[in-house]
Amino acid sequence: MKGDPKSWAERLREIAPELIEEIYERKQPSKGLPDLEIEPGRRVVLRFAPNPNGPATIGSVRGIVVNSEYAQRYNGEFILRFDDTDPKTKAPLRDAYSWYLDDCEYLCAVPDRVVYASDHLPAYYEYAKKLILMGKAYVCLCEKDVFKRYKDGKVACPHRDSDIDTNLERWEQMLDRECGYREGEAVLRIKTDITHKDPAMRDWAAFRIIEAAHSRPEIGDQFRVWPLLDFESAVLDHVLGVTHIIRGKDLIDSERRQRYVYDYLGWEYPLTMHWGRMKIHEFGRFSTSAIAAAIADGKYTGWDDPRVPTLRALRRRGITAVAIRRFMIDLGISETDISLSLDNLYAVNRKIVDPTANRYFFVWEPATMSIENAVAMVAQPLLHPEGDAVREIPVGSTVSVCRTDIKGLGVGDRRRLKNMYDIEVVSVEPLVAKRIGGDHGEWCATEEKPRYPIIHWVPDERARVVDVVVRAPDQTYEGVGEAGIVSEEGNVVQFERFGFVRIDSVDVEKRRAVAYFAHR
RNA sequence: GCUCCGAUAGUGUAGCUCGGCCAAUCAUGCGGGGCUCUCAAUCCCGUGACUCGGGUUCAAAUCCCGAUCGGAGCACCA
């Protein structure tokens, strides 16, 4: 039965035309997040579980957005859970808890429930004891690297086969602050399969002793035995009724480890999805602790320094929540590692911000230009190109223009001062120009076509401008802007021919404003 | 070393489960042009990809095997 595909298609059309449509029906391009596999009649419960040892980074934002998006889509529950069960190596930052709450709110992802893993020690202890009694967990007294050697050799350590009573007794000793084991002397392990072909699965540690106090005052030094992530998360996901776990693929093995606990206890493991590693061109690889160190060194001004890959920094720059959500959702959930540019995020944000951002002139690296036969006038550029509202800029015979705009200008060159009039350079050093073109009334915009290159300006009079500093990720721009900027504190505006910025702070007295650069 | 996972234009993404309107979707970027008193917006046009090698099949981006490359786990971190 040989033949080419075409003749097969023809034959199919003859003998079974109804199948043709079936073949062609699928494969609709889809957008954004795929549908979730859901159990009918059961409310979906998702959680985002950060360690509050710093503020939300771009990576965390993906977790917040994706999980909350699904919760919203299926009318389910979104839980923010602080996985803060290591008071020492990854000591929680007191402020980070509220930063996360605040960031979730900004992202339109207000959690339905906020949970602190450090509030649930009794629950972890309860299940630990249960597992010990079942013979599925044992206290291991090996030193770290001694155990590693056993594990790598697929052989049980001497403590693996201790009887249940011994384990129980040792567990009590772990918990006993007075005369029990000390930090580093004992851990509780989950018994899996010491010969498992994947070394990552073999008898993993569930609890260890940490004598440091927890940074939450309500917890303090109440506990000295803390669960590790896999145990803490396993118990809490069950207790909270989490139905779907969606997170980075660095935790993909966690599931397989935790399934031992779920199987022993007869629990049902949630459905999981994982996304790949995310690398942002503009930031490269980063870790929360590395950023913290750089801030401590004074390299960055803080967690919201525009050069830092935190949500706080993005917020300060005027990247909107809608843009961030759309950006993250469009990434989907692929396990492929990705390396992407923030340009995509900026493009989304630009579309959102452009229709509402007011326009202003900002002259960076200002140079003075004086104008012969100038007319005093009030320039009236549009506040927004789509609207009727204008801003009013009184101007006389001197203006400030960007140094980059006059570089290379020679005598006789012509330019249009936007919303003012056309000029011709009569002297370069000092920079002097003369008004050209029509001269009717106050302003003399020339009508004739060849349009000279347009440059923007600002009056060169202290009283009519404000000093503006723009902090961008790559550099800081200093210059002067039109006076109206002072009324835009907190808003995203566009500095014409420069880009979108968020006016971060305004000092009316000193006539100063600080803006954060968003994007072009 | 052991184990697991992934690979579609410059970048991200759809299609892969269940092979066939796939000479491959959308976005962004880039190039050209229109409009414009902003280098923004907007409108046209263009650009460019199934990692490689085998196999199965009438038919492979899709299924199988191998290789290459990339990533992750093997913590008393999360």
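Each chain gets a letter, A, B and so on, in the order its sequence line appears, and its residues count up from 1.
G15(B) and C2(B) are spaced 35 Å apart, taking the P atom of each and rounding to whole Å. To the nearest whole angstrom, the two C1' atoms, one in C52(B) and one in U8(B), are 15 Å apart. Atom P of C4(B) sits at a distance of 16 Å from the matching atom of C64(B), rounded to the whole Å. For G55(B) and U47(B), the P atoms lie 34 Å apart once the distance is rounded to whole Å. A gap of 37 Å separates the P atoms of C65(B) and A27(B), to the nearest Å. If you take atom P in A24(B) and the same atom in G48(B), they sit 12 Å apart, rounded to whole Å. Taking the C1' atoms as reference points, A7(B) lies 10 Å from C50(B), given to the whole Å. Annotation: U36(B) and U13(B) have their C1' atoms spaced 33 Å apart (nearest Å).
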Protein-to-nucleotide contact annotation, 5' to 3' order, nucleotides 28-34 of chain B [B base; S sugar-phosphate only; - none; under 4.0 Å, heavy atom]: S------
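Spacing between atom CZ of Arg47(A) and atom C1' of A78(B) amounts to 11 Å, rounded to whole angstrom units. Atom CD1 of Ile338(A) and atom C1' of U8(B) are 15 Å apart (whole Å). Rounding to whole angstrom units, CZ of residue Arg257(A) and P of U3(B) are separated by 16 Å. As a whole-Å value, the separation of Glu335(A) CD from C5(B) P is 9 Å. For the pair Phe207(A) CZ and A78(B) C1', the computed distance is 16 Å after rounding to whole Å. In this structure, Arg62(A) places its CZ atom 23 Å from P of A78(B), rounding to the nearest Å. Atoms CG (Asp230(A)) and P (C77(B)) sit 12 Å apart, rounded to a whole Å. A straight line from CZ of Phe517(A) to P of C39(B) spans 15 Å, rounded to a whole angstrom.
Shown here are the salt bridge (charged side-chain N to carboxylate O under 4.0 Å, His left out) partners of Asp337(A), two or more places apart in sequence or in another chain: Lys249(A). Legend: residues meeting ring pair (Phe, Tyr, Trp, His ring centres under 6.0 Å) with Tyr116(A), ordered by chain and number and at least two apart, are Phe82(A), Tyr97(A).
Residue Thr85(A) has a polar side-chain atom (N or O) positioned under 4.0 Å from OP1 or OP2 of A78(B). Phosphate contact (OP1/OP2 of C76(B), side-chain N/O of Arg189(A), threshold under 4.0 Å): present. Residue Arg208(A) has a polar side-chain atom (N or O) positioned under 4.0 Å from OP1 or OP2 of C77(B). Listed pair Lys151(A) / A75(B) meets the phosphate criterion, a side-chain N or O lying under 4.0 Å from OP1 or OP2.
As judged by a 4.0 angstrom heavy-atom cut-off over every strand, Gly332(A) is placed among residues making no nucleic acid contact. Using a 4.0 Å heavy-atom cutoff across all strands shown, Leu251(A) reaches at least one base atom of the nucleic acid. Across all strands shown, Ile252(A) has no heavy atoms under 4.0 Å from either base or sugar-phosphate atoms.
With A40(B), G71(B), U8(B) as the candidates, the nucleotide lying closest to the side chain of Pro385(A) is A40(B). The nucleotide whose nearest atom lies closest to any side-chain atom of Val187(A) is, among A78(B), C76(B), C39(B), C76(B). Of the candidates C39(B), A40(B), A75(B), C39(B) carries the atom nearest the Asp405(A) side chain, counting heavy atoms from C-beta on. The side chain of Leu340(A) approaches U11(B) more closely than any other nucleotide in the set U11(B), A40(B), C77(B). Nearest nucleotide to the Ile454(A) side chain, out of G71(B), C37(B), A78(B): C37(B). Nearest to the side-chain atoms of Lys90(A) among the listed nucleotides U38(B), C2(B), C77(B) stands C77(B). Here A41(B) is the nucleotide among C77(B), A41(B), C39(B) with the atom lying nearest to any side-chain atom of Asp354(A). Checking A78(B), G73(B), U38(B) against the side-chain heavy atoms of Lys418(A) singles out U38(B) as nearest. In the set U8(B), U38(B), A78(B), U38(B) carries the atom at the smallest distance from any side-chain atom of Gln494(A).
Applying side-chain contact (heavy atoms from CB on, under 4.5 Å) to Arg326(A) and the options Val322(A), Ile329(A), Ile324(A) leaves one that passes, Val322(A).
Between His456(A) and Trp364(A), the distance from one ring center to the other falls under 6.0 angstrom.
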Output, in order, the C-alpha distance, side-chain angles, deciding distance and verdict of side chain to side chain donor-acceptor pair (under 3.5 Å) for His196(A) and Arg202(A). CA-CA 6 Å; His196(A) 198 291; Arg202(A) 300 174 197 154; 5.8 Å; no
For the pair Arg256(A) and Tyr269(A), evaluate side chain to side chain donor-acceptor pair (under 3.5 Å) and give the outcome as yes or no after the intermediate values. CA-CA 10 Å; Arg256(A) 301 197 297 142; Tyr269(A) 202 81; over 6 Å; no
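Remark: the Tyr360(A) side chain and the Glu496(A) side chain contain no N/O donor-acceptor pair separated by less than 3.5 Å. Side-chain contact, Glu488(A) with Asn358(A): a donor N or O sits under 3.5 Å from an acceptor N or O.
Note: Phe48(A) and Tyr100(A) have tilted aromatic rings, judged against thresholds of 30 and 60 degrees for the angle between ring planes. Ring geometry for Phe207(A) versus Tyr125(A): interplanar angle of 30 to 60°, hence tilted. Classification of the Phe500(A)-His519(A) ring pair by plane angle, with boundaries at 30° and 60°, yields tilted. Between Phe495(A) and Phe498(A), the ring planes are tilted. Angles from 30° to 60° get that label.
Of the residues in residues 190-200 of chain A, those lying under 4.0 Å from RNA chain B by heavy-atom distance are Lys197(A), Asp198(A), Pro199(A), Ala200(A).
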Dot-bracket for RNA chain B: what is it, with Watson-Crick or G-U pairs under 3.5 Å, [ ] where a pair crosses earlier ones, and | for a pair to another strand? (((((((..(((.......[.....)))((((((.......))))))...(((((..]....))))))))))))....
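Taking CZ of Arg189(A) as the start and CH2 of Trp204(A) as the end, the distance is 11.0 Å to the nearest 0.5 Å.
Residue pairs meeting the side chain to side chain donor-acceptor pair (under 3.5 Å) criterion with at least one partner in residues 139-149 of chain A, sequence neighbours excluded, are Lys148(A)-Asp152(A).
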